[in-house]
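Counting convention: from 1, in listed order, for ligands and their atoms alike.
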Amino acid sequence: MPSSYVEDPAPGHGSSAPRSAFRSDAPALSLGGSWRFLLSPAVDAAPDGIERDDFDDGDWADLAVPGHWQLGGHGSPAYTNVRYPFPVDPPHVPSDNPTGDHRLAFDLPDDWPDEPAVLRFDGIDSCGRVWLNGVELGVTKGSRLPAEFDVGPLLRPRGNLLAVRVHQWSAGSYLEDQDMWWLSGIFRDVTLLVRPAGGVQDFTVDAGYEHLTGRGTLRLDAESPDAGGPDAGGPDADGSHADSVVRITVPELGIVGLPAGRPVEVADVQPWSAEEPRLYEGEVHTATERVPVRIGFRTVTVEDGQLKVNGRRIVFHGVNRHEFHPESGRAVPREFAVADIELMKRHNVNAVRTSHYPPDSAFLDLCDTYGLWVIDESDLETHGFSELGWQGNPSDDPRWADAYLDRMRRMVERDKNHPSVVLWSLGNEAGTGRNLAAAAEWTHRRDPTRPLHYEGDTDCSYTDVHSRMYADHDEVDRIGQGIEGPERVRQRPFILCEFGHAMGNGPGGLLEYRDLFERHPRCQGGFVWEWIDHGIARRDAAGDAYFAYGGDFGEPLHDGNFVIDGLVHPDRAPSPALAEFAKVFEPVRITAAPDGALRVTNHYDVLSSAHLAFSWVLEEEGIEIAGGVLTVPPLAAGAGTELPLPELSGFPATGAESWLTVRAALAADTPWARAGHVVAWGQLPVTPKPATTAPAAGAAPAVTGTQLRLGPGVFHPGTGQLTALGGLPVEGPRLDLWRAPTDNDRGSDDPDETRWRAAGLHRLQHRLIGTELLGDTLVVRTRVAPPGLGFGMRADYHWSADQQRLRLRLEVEPEGTWPCTLPRLGVRMAVPAALGEAEWFGRGPGEAYADSRQAARIGRFTSTVDALQTPYVFPQENGNRIDLRWLRLTSADGAGLRVDGEPAFAFTARRWTSEHLDAATHTTDLEPGRTIVLNLDLAQNGLGSASCGPGVLPRHRLHPDRASLTLTFTSPDAEETPSR
Ligand code: IPT
């Protein structure tokens, strides 16, 4: 028989009323550390009497708390997205319900006062039953929410025994179907806190900002600890209770001992915003307790169909953040929360949706400090019911009403004093129903200062903002025009609570979303799905490290690598998509003005550009030849100006292609980046690329035995294949149309990958039609086509040369009816493995694709071939560099080759083929081969976001068409004009 509390849809019991998360000057004892632990396969299999002092846990294991037992060597993680990994039979859970018993013996510090105290658990997944010194305190559910139990009278100076029985599954699991690993345990802090008599029980600081007058209003609400009633905010007629009143002091504002319940106006206050997170330090106090507080004045409103903070429209350039660490799961050490915030701020992320549960509250402290707009989301998702057509969804079942309210209440009470929290969210993907409506009603009443979000309330019948996930660009455009969606939502602010699915290589199309956020005042941005790849750090048999995803732990039901969809890799290394995000959503835009001037526009919500230092450099073929400071008058938020270009005429010019790069960098250090950190940049062409001089025909083809020589090239006379170049053995180049499909190629109802494979693009065959010498030109005519199908591509290679250079003009022409787009269009060749150093003039430094190329600037870059690879957790096409004027691949001894484009090309270079990349499922599957595979492309198809969302926009699709690619190959020692 399962224990009844486990399957009870009601919230836990025994805990005290929820209150804000604060730390006062009252003593506290962290109980984190090594605990005794035993995992049992079922509730009934767990031992009796673990709460007793004399219970012998000598043969138990040690486990770190906070932590998840599956990551501490007991049981295994499991990943499902939408589906519940157990039968949908609410509120029942499997009898095989892994149960983790935790025990900790502890002493109190010597100076621990004889006062009331609470035991606080910040997060137990999914259901915990708690005993202290043999006495049962109660049960907690709501994994990502705190629970406090009064323990004062139970404490002993020495030899306290805390026992916690945690069940992996509970009725609460039905409300916790978020897209993430199923991980159990006491995964957030456990703390013993003194609650002094006459201390601060709880308080609400409401700090509004009146933008027309610059006035702030500060109001503290708190119950007097002694009198206990809400009316006890002021002293009694005889003043006798004066000392029991809760008061606030903010020295900087001249507020001293302001009692609860008495609002005060403050002239000329500086408001809080994500861009200028001004906090006033203060203290909430009673005679016996002092609580440090940080106050941010701001007012959030919905007016004129727009979401405004302090009277200004704001735009979310946000991310959905799960709490994740590759070794410790949702037990995220503080330094990693700091790392997240610093990375976000450095990449122009200005908002976080706490998908889909409240984060550790320390994260919100950091958001207040560093400045991020936050949508704080309740710990609620019942997505698995969508598989049943939402039949039986708890959201509309009265048995779950208390649980819905309880979750919302515990979040709102915990987090209400954070200025960074500008919206509450009821949860995610929980369908709709009266329990949500009731939770909404409670929230509106409890906190009228913050609008409410929930995407599932599609007609805004109980929420305040219109929200969609993964709406394509056209839909967002129609929403912006007010011609899409139910009548009720058409005058609401609109946000994309999820967009730009960052799974694997992608998303493409962020720029086009930005344009919509700028075009339509009601379209107020969105939150990319998602911040981090949830890959779990593992090692293979050979000891090589990799990141695991769904299925890697033998789960019978799983959703594979769908959990690997972040802007940062599991180790928080930024993916190329984060660089793209930073560029697309840069707060200052530097562009060419029509009349040859420079245009600078401030896209901050509130900040002027005064904190930025502008500078310029002039680069000739990627080499800096001049530079200086650019004086830009401070621009108010939303303002723009035109400036003359810096004086460039006096600089020596070789006639090479040159570009002006203007950067806007932090003028002074900030908490998240040092002075000099570049927040925005723009580039303007100055001198165009000179016309390429084709190799003067001059080298005549000569056939000697089995070799056909043309300038530095050696060909096989029968096949027309290039076999050597200036002494380097090479294979190819041959037409190549294939790329290892990306997660986005693989996604959607009608995936590109399926079409490409059906068209046989992964197994093209090359037929030589013939070779012919036309004057000094070697022409190799081929037809490239898939087996079993009638369409194909004519590919003719026209080779000419002088003594040093070999030039290829590839002409392609589709024949028949092609059924699909092309992954890529270009040539592939194999070059010696020793050519491991790349240098190029073109766009870089990072990878770029047609619809994700904003972050790549024109310059001269170097990289090893190995470092060109982006280690996507699930291997796929990556590392493409675009708009190359030239590329050099060299070995340590300087041997190598150079490729020039007419005018440009893209390249990938890797130590394995696209076929190997395609077959690999983990990074450790990629083994260097005996050559470097070099692809030189005219183009690749865009990336899109079809793994969850719209595919490649029409203008970024690569269609089979007549095309020509011209490349000149030189061996570097033969270069006439060294370009260094
Ligand atoms: C959407 C979920 O809200 C999110 O948690 C995540 O699963 C995301 O998809 C995909 O990675 S729901 C989807 C059905 C649109």
| field | R321 to F363 six-membered ring, cation-pi geometry met (6.0 Å, 45°) | value | yes
| Of the listed options E498, R468, M503, closest to atom 3 (O) of ligand 1 (non-hydrogen atoms) | E498
| query | Is the closest side-chain heavy-atom distance between D565 and D743 below 4.5 Å? | reply | no
| note | Under 4.0 Å from one or more heavy atoms of M469, ligand 1 contributes atoms 1 (C), 3 (O), 12 (S), 15 (C)
| query | With a 4.0 Å heavy-atom cut-off (strictly under), which part of N428 contacts ligand 1: side chain, backbone, both or neither? | reply | side chain
| Backbone of H356 reached by a side-chain donor or acceptor of Q178 within 3.5 Å | yes
| field | Under 4.0 Å to a heavy atom of F562 - the qualifying atoms of ligand 1, by number | value | 10 (C), 11 (O)
| note | re atom 5 (O) of ligand 1, the protein heavy-atom contact at minimum distance is H356 NE2, 2.7 Å
| query | Considering only heavy atoms from C-beta outward, does the side chain of L567 approach that of V319 to under 4.5 Å? | reply | yes
| said: With nothing but distance in play, are any N or O atoms of D179 less than 3.5 Å from an N or O of ligand 1? | reply: yes
| request: Look at the side chain of R330 and the backbone N and O of F324, then say whether any donor-acceptor pair between them is shorter than 3.5 Å. | output: no
| field | Any donor-acceptor N/O pair, N435 side chain to D397 backbone, under 3.5 Å | value | yes
| task | Please verify whether a non-hydrogen atom of H501 lies at under 4.0 Å from ligand 1. | result | yes
| query | Under 3.5 Å, is there a donor-acceptor pair between the side chain of N744 and the main chain of N505? | reply | yes
| task | Just need the protein heavy atom nearest to atom 12 (S) of ligand 1, so name the residue and atom and give the distance. | result | E429 OE2, 3.0 Å
| query | At a non-hydrogen distance cut-off of under 4.0 Å, which region of V82 contacts ligand 1 (side chain, backbone, both, or neither)? | reply | neither
| Shortest protein contact, atom 8 (C) of ligand 1 (heavy atom only) | Y470 OH, 3.3 Å
| message | Within ligand 1, which atoms have a heavy atom of D565 less than 4.0 Å away? | response | 11 (O)
| Which protein non-hydrogen atom lies closest to atom 14 (C) of ligand 1, naming both residue and atom, and how far is it? | H383 CE1, 3.8 Å
| query | Taking non-hydrogen atoms only, is E530 closer than 4.0 angstrom to ligand 1 via side chain, backbone, both or neither? | reply | neither
| Side chain or backbone of Q178 under 4.0 Å from ligand 1, or both, or neither, by non-hydrogen atoms? | neither
| Heavy-atom check, side chain of L343 versus side chain of W531, under 4.5 Å | yes
| said: Between Y174 (side chain only) and H92 (backbone N and O only), is there a donor and an acceptor less than 3.5 Å apart? | reply: yes
